[in-house]
Amino acid sequence: MAASAEATDRPRRRGREERQRAHAPTAAFEQPRLRMQPVPAVSEDELEAIHEASLIILEEIGIDFLHEGAKQLVKAAGADVDPNSNRVRFDRGLVTSMIGLAPRSFTLHARNPARSLKIGGDHVAFCAVASAPNAADRAGGRRPGNMVDYESLIRLGHSLDQVHLWGGYPVEPADIHASIRHLDALFAMLTLSDKPIHAYSLGTERNLDGLEMTRIARGISKEQLELEPSVFTIINSSSPLRLDGPMLEGIIRMATANQVVVLTPFTLAGAMAPVTIAGAVAQQNAEALAGLVVAQTVRPGSPFVYGGFTSNVDMKSGAPAFGTPEYMKSALLGGQLARRYGLPYRSSNACAANTVDAQAAYESVFSLWGAIMGGVNLLMHGAGWMEGGLHASFEKMVLDADLLGMVAEFLKPVKVDPEELALEAIREVGPGGHFFGCAHTQSRYRTAFFSPMISDWRNYETWREAGSPTAYDKAEALYREKLAAYTPPPIDPAVREELEAFVARRKAEGGAPTDY
């Protein structure tokens, strides 16, 4: 019967895929590749010392698991579970036995097959900002997250080819009750865009609803969904050394369905982790390995991404700092550890700036280079992150998209062949001439160099006559232009109808339980 249903569904799927290809990324889009070797932060001996410290943390200190089912799961696998507390300790043999089970790379499938992504190896994927409680733009200022801004940020991110996938809600639509918020938010994400998505691990119902809505949107069976990872979840440990109930439930639910778990300790050196980079990363690594054990115990071979998000606090105020030299070093170390374990690597584009200014730009550039040089495969918060993650900025999303475009262009290999060496052009021009008019230039000038969206290369006089526009001015104008020009991606009417029916039914059932 399953084969018959699959055969019946093929014509509809073919038609849908043809429509989606017509709404594919621009012809210039190509998923960036890390064609240069990542930069190590420490020697191999020093890396092993960090690994060894992590194993000691897991063996001797342990991690608190605030989930009874997860404790029993790892106990059956050989972990030492304290019967009088939530403490779980892991024998190093158990930990090392789980290393190498998860795939080094996999495909994350999108509703539109043309937007599916490779995660791992030398591929890079850029996410939009996620999980900000506030939104901001120049005209409206900073304001609590709401559904109107949420949908506008989805439209804007969908319009930017440099944004490859959604890492969560770009802003929290807090005007929708928490019990049903995930239903409206995922519906908007799956219909206003056709890029790969994320689903939050905030309880069983939200996990199961996210899985089912992803399946419906792709028009596939549950069996096919298990074969084709199509949604990922970020699992944050509660540093230091704790995994709470919703996070552990998320690992279990997503790994069971063979969907993607991205385990990311959020460690701030000097606050939730030791004040030293080596100590903070050793703790980060222990927490990540504990999550790996859970995921691979649930389903060996399920896709798992090693996440690094270790930065430092401002020791004068206690506030988180990002784009710092310490953040860059920890990003390089996280990448080294991920490669040691054969896992795809997640890092972030982050800044602590409160407005779109020089600080926002240079902290993001430093964050980006720490991630890229560290060998990142999944870049979270790639476009739009501000204020240490407390607000999503429309203008910053465009500015960051330009930075991501520059990074992608930089990662393209330099061609060296007779045409690129241009000896005939050099002969044609000779000493003292110029290359503007030669045939070699004329045949290439339209596509010769990266063309930025934001940078203004006019001379001073021309720039002043134009009103002396700043990068902030240009980003503001561009984001409004892109929203005005947005067109929604096609979606099969039957798929949309099924999604609408699912959302309506789950709302009638009350959605996810809350305490208010």
Side-chain angles (χ1 to χ4, degrees), residues 26 28-29 32 124-132 134-143 149 152-167 170-171 195 322-324 327-328 347-372 376 379-411 449-458 463 466-486:
T26 63
F29 170 78
V124 188
F126 300 140
C127 294
V129 60
S131 308
N134 302 289
D137 66 0
R138 194 185 224 175
R142 184 178 182 273
R143 56 216 180 243
D149 281 329
S152 292
L153 285 163
I154 294 288
R155 293 185 182 99
L156 179 59
H158 180 76
S159 302
L160 296 164
D161 271 348
Q162 300 91 334
V163 173
H164 303 146
L165 71 164
W166 301 104
V171 70
K195 299 179 180 183
F322 298 101
T324 64
Y327 183 84
M328 295 178 73
S347 189
S348 297
N349 173 16
C351 73
N354 295 303
T355 188
V356 182
D357 59 5
Q359 179 186 341
Y362 67 68
E363 287 182 349
S364 285
V365 167
F366 278 123
S367 294
L368 276 174
W369 282 117
I372 294 297
V376 68
L379 184 83
M380 287 291 293
H381 310 301
W385 165 293
M386 289 289 293
E387 195 193 342
L390 292 180
H391 83 251
S393 163
F394 285 85
E395 291 90 353
K396 182 68 160 33
M397 184 175 279
V398 176
L399 179 68
D400 281 335
D402 215 13
L403 292 178
L404 296 175
M406 293 180 193
V407 169
E409 184 65 28
F410 173 78
L411 291 175
F449 307 121
F450 176 80
S451 180
M453 296 188 291
I454 302 294
S455 296
D456 193 329
W457 291 341
R458 293 174 291 189
W463 169 77
S468 307
T470 64
Y472 203 168
D473 296 328
K474 188 68 177 290
E476 181 183 22
L478 274 172
Y479 109 68
R480 294 187 183 281
E481 287 174 15
K482 289 192 173 293
L483 282 183
Y486 165 84

*asked:* Could you check whether D473 and T470, counting side-chain N and O atoms only, form a donor-acceptor pair closer than 3.5 Å?
replied: yes
*Search all heavy atoms of W385 against all heavy atoms of K396 and return the closest pair with its distance.*
O-NZ, 3.3 Å
*Would you say L368 and L404 make side-chain contact, with heavy atoms under 4.5 Å?*
yes
_Side chain to side chain, V407 and L379, heavy atoms closer than 4.5 Å_ = no
*For the residue pair R458 and A466, what are the closest heavy atoms and their distance?*
NH1-CB, 3.3 Å
*Under the 3.5 angstrom rule, does the side chain of K195 hit a backbone N or O of H164 as a donor-acceptor pair?*
no
*Output, in order, the C-alpha distance, side-chain angles, deciding distance and verdict of side chain to side chain contact (heavy atoms under 4.5 Å, CB included) for Y327 and S348.*
CA-CA 10 Å; Y327 183 84; S348 297; 3.3 Å; yes
*asked:* Quick check for you: to the nearest 0.5 Å, what is the distance between E363 atom CD and T324 atom OG1?
replied: 8.0 Å
*Is the backbone N or O of I454 less than 3.5 Å from a side-chain atom of D402, with the two atoms forming a donor-acceptor pair by type?*
yes
*Would a 4.5 Å heavy-atom cut-off, applied to side chains only, mark N349 and F126 as touching?*
no
*Side chain S367, main chain A350, donor-acceptor under 3.5 Å*: yes
_Y479 and its side chain to side chain contact (heavy atoms under 4.5 Å, CB included) partner, picked from D137, L160, L153, L399_ = D137
*Has F410 got more than 12 heavy atoms of other residues, nucleotides or ligands less than 6.0 Å from its CZ?*
no
*asked:* Closer than 3.5 angstrom, by distance alone: can the side chain of N134 be matched with the main-chain N or O of H391 as a donor-acceptor pair?
replied: no
*How close do L403 and S364 get, heavy atom to heavy atom, and via which atoms?*
CD1-CB, 4.3 Å
_Please report the interatomic distance SG(C351) to NE2(H381), rounded to the nearest 0.5 Å._
11.5 Å
*Is the backbone of G384 close enough, under 3.5 Å, to the side chain of D400 for a donor and an acceptor to pair up by distance?*
yes
*Can you tell if the side chain of E476 reaches within under 4.5 Å of the side chain of P469, non-hydrogen atoms only?*
no
*Inter-residue atom distance S393.OG - R138.CZ, 0.5 Å rounding*: 10.5 Å
*asked:* Using the rule given for salt bridge (charged side-chain N to carboxylate O under 4.0 Å, His left out), can you reason through K474 versus D456, listing the C-alpha separation, both sets of side-chain angles and the distance that settles it, and then say yes or no?
replied: CA-CA 9 Å; K474 188 68 177 290; D456 193 329; over 6 Å; no
*Using 30° and 60° as the class limits, which term best fits the ring planes of Y362 and F366: parallel, tilted or perpendicular?*
perpendicular
*asked:* Could you check whether any side-chain heavy atom of M386 comes within less than 4.5 Å of a side-chain heavy atom of V129, counting everything from C-beta outward?
replied: no
*Would you give the length of the straight line joining atom CG of L156 to atom CD of E481, rounded to the nearest 0.5 angstrom?*
11.5 Å
*Please lay out, stage by stage, how M453 and K482 fare under the test side chain to side chain contact (heavy atoms under 4.5 Å, CB included).*
CA-CA 12 Å; M453 296 188 291; K482 289 192 173 293; 4.1 Å; yes
*asked:* For the backbone of A128 and the side chain of W166, can you confirm whether one donor and one acceptor N or O come within less than 3.5 Å of each other?
replied: no
